[in-house]
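Comments concern the structure below.
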Amino acid sequence: LSPAKLALAFAQAGRQAGAELRTNTAVYGFVKNQHGTITGVQTQHEAIFGRYLILATNAYTARLWSSLEAVVTPTRGQVLLTAPCLPPAR
């Protein structure tokens, strides 16, 4: 598995599905509506809104979203989790 090729494949699939990707863009906080629902993210230069938001971050995501601190532990290395794979065909 090549992490770089996997990331590029995810990006390509997202673009083909109509996603707009913003790379090298630091997020400083969430934008919420009057009901408290997250509707966007705040960057240094603008607020970005979308029907769906995907935060592709690193092990330090809890600095942005403190409720994740209990479930995200910074470690060195990479992990990929998939659904169970079928046994090889004979």
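Note that the structure is a prediction, hence the values are computed from the model and not measured. Residues: numbered from 1 along the sequence shown.
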### CA sep, side-chain torsions, deciding dist, call: Val31, Ile38, side-chain contact (heavy atoms from CB on, under 4.5 Å)
CA-CA 6 Å; Val31 179; Ile38 296 172; over 6 Å; no

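Contact detail for Val41 and Phe30: the closest heavy-atom pair is CG1-CD2, 4.0 Å. The two residues Leu21 and Ala11 make their nearest non-hydrogen contact at CD2-CB, 3.4 Å. Residues Tyr28 and Thr43 approach most closely at CD1-C, 3.7 Å, considering heavy atoms.
The only option from Gln42, Arg22, Glu20 that meets the side-chain contact (heavy atoms from CB on, under 4.5 Å) definition with Ile48 turns out to be Arg22.
To the nearest 0.5 angstrom, His45 atom NE2 is 8.5 Å from Thr25 atom OG1.
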